[in-house]
Asks: 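Mind having a look at this structure? Questions to follow.
This structure is a prediction, so every number in the text was calculated from the model and none was measured. The first residue in the sequence is number 1, and the count goes up from there.
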Amino acid sequence: MQRRITDLRDTGVLYFDVDTDRARLGLHIRTLLWLTVTPARIQATGTALAAHPEVAFAAAITGNRNLYASVATPSIAGLYTYLTDTIATLPDVQGMESSLVLHTVKSPPGMRVPAPSR
């Protein structure tokens, strides 16, 4: 059985995707980013964006903002640094909108959603 699982993992048929509380990792700020990217460069920019350790999820989307990312940083200052020092260096990003997540209403199964702070 163990060998079969190893074979499935080695071929990419089986993989593990782990969800955890970002705060346990010191990542207290979650931000949603919508980027406008030169259409011919969406794939390359999306691949570069997905490689950033701050990015939990990235996807090409439709509309004026054609690349989306969910970002986790330790603080507002860390977010500012990420936006100005990392996102700003991606050559094909023409524009950006960001939204801080104030409270998550639904999380993956098994993840506790804390009550909002008052």
Asks: For a 4.5 angstrom cut-off between non-hydrogen side-chain atoms, does V37 reach L90?
Replies: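 When only atoms from C-beta onward are counted, L90 and V37 do not touch, as no gap falls below 4.5 Å.
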Asks: A69 and V55: which non-hydrogen atoms are nearest, and at how many Å?
Replies: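 Reported closest heavy-atom pair: CB-CG1, 4.3 Å.
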Asks: Considering all heavy atoms of both residues, which atom of A60 and which atom of I42 are nearest to each other, and what is their separation?
Replies: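 Looks like CB-CG2, 3.8 Å.
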Asks: Around atom CG of N64, are there more than 12 heavy atoms of other residues, nucleotides or ligands at under 6.0 Å?
Replies: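 No.
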Asks: Just by modelled atom types, is the T86 backbone N or O under 3.5 Å from a matching donor or acceptor in the T89 side chain?
Replies: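 Checked: pair present.
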Asks: Please report the closest heavy-atom contact between S70 and R30, naming both atoms and the distance.
Replies: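 Nearest heavy atoms, S70 then R30: OG-NE, 3.1 Å.
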Asks: If every non-hydrogen atom of T84 is compared with every non-hydrogen atom of A88, which pair is closest and at what distance?
Replies: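 The pair with the smallest heavy-atom distance is O-CB, 3.2 Å.
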Asks: Under a 4.5 Å side-chain heavy-atom rule over Ile, Leu, Val, Met, Phe, Trp and Tyr, are L102 and L79 clustered together?
Replies: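 Each belongs to a different hydrophobic cluster.
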Asks: Quick check on Q43: does its CD atom have over 12 non-hydrogen neighbours (other residues, nucleotides or ligands) under 6.0 Å away?
Replies: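 12 or below, so no.
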Asks: Take L83 and V71 through the test side chain to side chain contact (heavy atoms under 4.5 Å, CB included) and record every step on the way to the result.
Replies: CA-CA 10 Å; L83 296 178; V71 174; over 6 Å; no
Asks: Transitively linked via ILVMFWY side-chain contacts under 4.5 Å: V13 with M1?
Replies: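 Yes: a chain of side-chain contacts under 4.5 Å links V13 to M1.
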Asks: Quick one: do V101 and W34 end up in the same hydrophobic cluster if we chain Ile, Leu, Val, Met, Phe, Trp and Tyr together by side-chain heavy atoms under 4.5 Å apart?
Replies: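 As far as the 4.5 Å side-chain criterion goes, W34 and V101 are connected within one cluster.
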Asks: As a quick check of understanding, evaluate side chain to side chain contact (heavy atoms under 4.5 Å, CB included) for I87 and L35, giving each step before the final call.
Replies: CA-CA 9 Å; I87 294 293; L35 307 176; 4.3 Å; yes
Asks: Looking at S98 and L33, what are the two nearest heavy atoms and their distance?
Replies: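 Closest approach of S98 to L33, heavy atoms only: CB-CD2, 3.5 Å.
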Asks: Start with the C-alpha distance between V93 and L49, add both sets of side-chain angles, then the distance that settles side chain to side chain contact (heavy atoms under 4.5 Å, CB included), and finish with yes or no.
Replies: CA-CA 11 Å; V93 173; L49 183 69; over 6 Å; no
Asks: Quick check: is F57 connected to L32 through a chain of hydrophobic side chains (ILVMFWY, heavy atoms under 4.5 Å apart)?
Replies: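 Yes, one cluster joins them.
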Asks: How long is the straight-line distance from CD of Q2 back to CG of D7, given to the nearest 0.5 Å?
Replies: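 Separation between the atoms: 10.0 Å.
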Asks: Do the ring planes of H52 and Y82 sit parallel (below 30°), tilted (30 to 60°) or perpendicular (above 60°)?
Replies: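 Rings of H52 and Y82: perpendicular, over 60°.
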